[in-house]
Amino acid sequence: QLGHREDGFLALPSEMRQTGFGPAVRSWSGYEKSLRKYALSAHNREVGYAAQELLEAALRLIDEHPQITAFVTTHEFGSLSIIQAMQMRGRSIPEDYSLVALMTERIADLAMPPVTYVDFPTYSMGYQAIAMLVRALENDTSEPDQVLIPPRLVIRNSTSKLIGHK
């Protein structure tokens, strides 16, 4: 919708996806589906949680793919590393890059500018987890073992329409 076709993606480590860790599997699947559906170019790094590792991955994407105009990360604190990398390269959000992250509102509020984020309804997740636990303790196997709760996109100040790129 905003015109970005060259996006950088900081994903969870491939080992997590290969062992079947749900968020890693689903986010990578969504990434691949988006590449095909919107004819996007693939620029990604699968990286661990350490701030320095996230920073270095973001810097590599910026340096190796100067055509990137937007970043997406599945790391809650990854957005802070991406912002830091951009500042180190004399760039800013949303003027030079757009940024979307999977995170909670509390973390999104720490960043400047406030980050556009995909929020997961933690109350509903907790409620469903307890309901599943109670069913398991009561040996009620009639309900599914997995419940996927749809997230919501919260648009803040870290995204903008693609106008030009340095």
Side-chain angles (χ1 to χ4, degrees), residues 1-86 88-89 91-108 110-111 113-122 124-125 146-163 165-166:
Q1 218 175 21
L2 297 177
H4 299 279
R5 293 288 176 259
E6 301 283 343
D7 302 340
F9 179 48
L10 290 183
L12 296 171
S14 60
E15 298 81 21
M16 291 180 145
R17 185 168 33 89
Q18 292 161 357
T19 59
F21 181 62
V25 170
R26 286 186 294 278
S27 63
W28 190 263
S29 174
Y31 169 66
E32 289 182 324
K33 183 178 177 181
S34 295
L35 291 176
R36 289 187 303 274
K37 183 176 180 178
Y38 299 107
L40 303 175
S41 297
H43 309 294
N44 61 73
R45 295 289 182 274
E46 293 177 282
V47 61
Y49 290 98
Q52 187 63 34
E53 191 177 349
L54 288 160
L55 174 63
E56 290 170 4
L59 287 168
R60 281 194 312 275
L61 281 171
I62 291 168
D63 293 343
E64 294 170 11
H65 305 284
Q67 71 277 22
I68 289 175
T69 62
F71 278 86
V72 176
T73 182
T74 55
H75 292 278
E76 190 164 45
F77 288 101
S79 61
L80 303 177
S81 295
I82 292 168
I83 291 169
Q84 182 181 2
M86 290 178 191
M88 291 172 69
R89 295 299 186 253
R91 306 289 172 78
S92 61
I93 295 173
E95 294 81 9
D96 299 312
Y97 297 95
S98 284
L99 173 62
V100 177
L102 275 68
M103 60 179 20
T104 63
E105 182 176 17
R106 292 187 313 184
I107 304 300
L110 294 174
V115 175
T116 294
Y117 64 100
V118 177
D119 185 32
F120 291 88
T122 53
S124 295
M125 292 168 67
Q146 180 174 321
V147 176
L148 297 178
I149 301 169
R152 66 185 177 105
L153 177 65
V154 179
I155 298 173
R156 308 285 287 280
N157 298 337
S158 68
T159 52
S160 67
K161 190 171 184 80
L162 180 62
I163 297 170
H165 187 66
K166 289 184 180 179

Could you list all the salt bridge (Lys or Arg N to Asp or Glu O under 4.0 Å) pairs where at least one residue sits in residues 40-53, not counting sequence neighbours? Arg17-Glu46, Arg45-Glu64

Compare all side-chain heavy atoms of Ile107 with those of Val115 and state whether any distance is below 4.5 angstrom. no

Of all heavy-atom pairs between Ala57 and Val47, which one has the smallest distance, and what is that distance? CB-CG2, 4.2 Å

Apply side-chain contact (heavy atoms from CB on, under 4.5 Å) to the pair Ile93 and Met86, showing each step before the final yes or no. CA-CA 8 Å; Ile93 295 173; Met86 290 178 191; 3.3 Å; yes

So which atom in Leu12 and which in Pro23 form the shortest heavy-atom distance, rounded to 0.1 Å? CD1-C, 4.2 Å

Reported CG-to-OH distance for the pair Leu61 and Tyr97, which is rounded to 0.5 angstrom: 9.5 Å

Given the rule in the side-chain contact (heavy atoms from CB on, under 4.5 Å) test, do Thr116 and Leu153 qualify, once you have shown the distances and angles that lead to the verdict? CA-CA 7 Å; Thr116 294; Leu153 177 65; 3.8 Å; yes

Leu54 versus His75: any side-chain heavy-atom pair under 4.5 Å? yes

Let me confirm one number: the CG-CG distance from Leu40 to Asp7, rounded to the nearest 0.5 Å. 5.5 Å

Using 0.5 Å steps for rounding, measure from the CD1 atom of Ile68 to the CZ atom of Arg91. 11.0 Å

Tell me which pairs pass salt bridge (Lys or Arg N to Asp or Glu O under 4.0 Å) where either residue lies in residues 71-83, with sequence neighbours left out. none

Closer than 3.5 angstrom, by distance alone: can the side chain of Ser158 be matched with the main-chain N or O of Pro113 as a donor-acceptor pair? no

With Phe21 as reference, evaluate Met16, Glu15, Arg26 under the side chain to side chain contact (heavy atoms under 4.5 Å, CB included) test and give the passing residue. Met16

Under 3.5 Å, side chain of Ser98 to main-chain N/O of Pro94, donor-acceptor pair present? no

I'd like to know if the side chain of Ser27 pairs up with that of Thr74 as donor and acceptor (distance under 3.5 Å, no hydrogens or angles considered). no

Separation between CZ (Arg89) and CG (Asp96), nearest 0.5 Å, reads 13.5 Å

Hey, what do you get for CG (Leu55) to CE (Met88), rounding to the nearest 0.5 Å? 5.0 Å

Please enumerate all residues that pass ring-ring contact (aromatic ring centres under 6.0 Å, His included) together with Tyr117, with sequence neighbours excluded. none

Please report the shortest heavy-atom distance between Leu99 and Ser79, naming the atom on each side. CD2-CB, 3.8 Å

I need the Gln84 CD to Gln52 CD distance, nearest 0.5 Å. 7.5 Å

Glu6-Thr69 side chain donor-acceptor pair, cut-off 3.5 Å: no

